[in-house]
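These figures come from a predicted structure and were not determined experimentally.
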Amino acid sequence: MKKILLLIVIGLFLGCKNKKTNLPKNNFFTTVEIENILEDSISVRAIEIGKENLFYAGNDGKFGYINLKNPQKTVQYQIMRDSVFPGFRSTASTSEADFLLSVANPALLYKTNISGERKLVYTETDSTVFYDSMAFWNTKEGIAMGDPTDDCMSIIITRDGGNTWNKIPCEKLPKAAEGEAAFAASNSNISIVNDKVWLISGGTKSRVYFSPDKGKTWTAFETPLIQGKPTTGGYSIDFYDEKTGVIFGGDYTKMEENLKNKAITFDGGKTWELLAKGKAPGYKSCVQFVPNSNGKEIVAIGPTGIFYSHDMGKSWEKFSEESFYTLRFQNDSTAYAAGKNRISKLVFK
């Protein structure tokens, strides 16, 4: 009996470590309360939520940390390289370090911490280099993706805690279509569940790239999202578990168009079904499943407001007109969002 009880306790402990496998919530949301916790002249498209602090990065080489219990305890730093302030749109965090990756040429990837210490751990120089998103499987293994510099998407991998990064050669990746790229809109082009990873591309071709083995092998799946122009396709991807995922995007030059801008999968990304065709919301830059919702509840945000679905994207409610670029959940009712000149706490009720 003691052995059985011990196994039960261990199982409960492991379950609580995964925010997406806890017991489901009992009620749906009907509203959201928004509180600004940082207001500054900075455009933020990448945030990470830790145990005590929110790590963020933005334009003009700025990055920093906000104490989640006392937002007044904010520290901000600025990086200049070769007399230029890089723009950061990709961040990632592990229990040991934080990372920020710049867009445009040259690509600059820094390893940093709350004390402001930083080390440049990867650079890439090319007229077409442009990285869009970054994430980690664990403390040692991470991935970043960007636009093609050759005839494949740019994907770099670390296996040593972010100290060194190596670019996957094109012969090991699906060939990119002409005009296929990605959007650095919200640092949510990558979704990781266990060893698996999914990437969303956009532009003239919008596909989902899938690796079951932490980036060692790759397959590309077609999507039904609008595509064909440089501004169209998928902007954001999130997986609730290894089977259920959602993609969102559209055309940011036509934000109200909503025919082919959101889709869901139940087979790990192999096939996708369009959601709420011809119904709001239109273009959105970031989509996230609500933790502990069995994959039923989804939040999508962008310049035209905050939208919520309680039925796996079949229908949507507009909760706010407030404009944000990116969103991350802390738990199943509290999230943080960032946008132009601010970072905010969102409490869903």
Excluding sequence neighbours, so at least two apart, what forms side-chain contact (heavy atoms from CB on, under 4.5 Å) with [X]?
| X | value |
| --- | --- |
| Lys260 | Ile226, Leu274 |
| Glu117 | Asn113, Ser115 |
| Val84 | none |
| Ser127 | none |

Does Arg118 qualify as a cation-pi partner of Tyr110, given the criterion of NZ or CZ under 6.0 Å from the six-membered ring centre and within 45 degrees of its axis?
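Output no; distance or angle outside limits.
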Could you tabulate the donor-acceptor pairs under 3.5 Å formed by side-chain atoms of residues 154-162, not counting sequence neighbours?
from, atom 1, to, atom 2, distance (Å)
Ser154, OG, Asp147, O, 2.6
Ser154, OG, Lys167, NZ, 3.2
Thr158, OG1, Asp160, N, 3.4
Thr158, OG1, Asp160, OD1, 2.9
Thr158, OG1, Gly162, N, 2.9
Thr158, OG1, Thr164, O, 2.8
Arg159, NH1, Glu141, OE2, 3.2
Arg159, NH1, Lys214, O, 3.0
Arg159, NH2, Lys214, O, 2.8
Asp160, OD1, Asn163, N, 3.1
Asp160, OD1, Thr164, N, 3.0
Asp160, OD1, Thr164, OG1, 3.4
Asp160, OD2, Thr164, N, 3.4
Asp160, OD2, Thr164, OG1, 2.6

If you take the centroid of each ring, where Trp contributes its six-membered ring, are [Y] and [X] closer together than 6.0 Å?
| X | Y | result |
| --- | --- | --- |
| Phe210 | Trp198 | yes |
| Phe136 | Phe99 | yes |
| Phe248 | Trp316 | yes |

For [X], give me all partners under side chain to side chain donor-acceptor pair (under 3.5 Å), at least two apart in sequence or on another chain.
| X | result |
| --- | --- |
| Asp195 | none |
| Thr94 | none |
| Gln227 | none |
| Tyr122 | Glu124 |

Any salt bridge between Arg342 and Glu322, counting N to O under 4.0 Å?
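Salt bridge: yes.
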Classify the side-chain pair [X]/[Y] by whether it contains a donor and acceptor separated by less than 3.5 Å.
| X | Y | value |
| --- | --- | --- |
| Asp126 | Thr149 | no |
| Lys229 | Thr253 | no |
| Ser93 | Asp98 | yes |
| Tyr56 | Gln76 | yes |
| Glu242 | Asn194 | yes |
| Glu257 | Tyr283 | no |

In terms of hydrophobic clustering (I, L, V, M, F, W, Y; side-chain heavy atoms under 4.5 Å; direct or indirect links), are Ile143 and Leu109 co-clustered?
no
Could you list the residues that satisfy salt bridge (Lys or Arg N to Asp or Glu O under 4.0 Å) with Lys349, not counting sequence neighbours?
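Checked Lys349 against salt bridge (Lys or Arg N to Asp or Glu O under 4.0 Å); matches are Glu33.
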Please list, chain by chain and in numerical order, all residues satisfying salt bridge (Lys or Arg N to Asp or Glu O under 4.0 Å) with Lys205, sequence neighbours excluded.
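With sequence neighbours excluded, Lys205 shows a salt bridge (Lys or Arg N to Asp or Glu O under 4.0 Å) to Glu222, given in chain and number order.
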Relative to each other, are the rings of Phe348 and Phe319 parallel, tilted or perpendicular (30° and 60° limits)?
tilted
Strictly by ring-ring contact (aromatic ring centres under 6.0 Å, His included), give each pair with a member in residues 36-55 just once, sequence neighbours left out.
Phe55-Tyr65
Close side-chain approach of Tyr325 and Ile301, heavy atoms under 4.5 Å
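They are not in side-chain contact.
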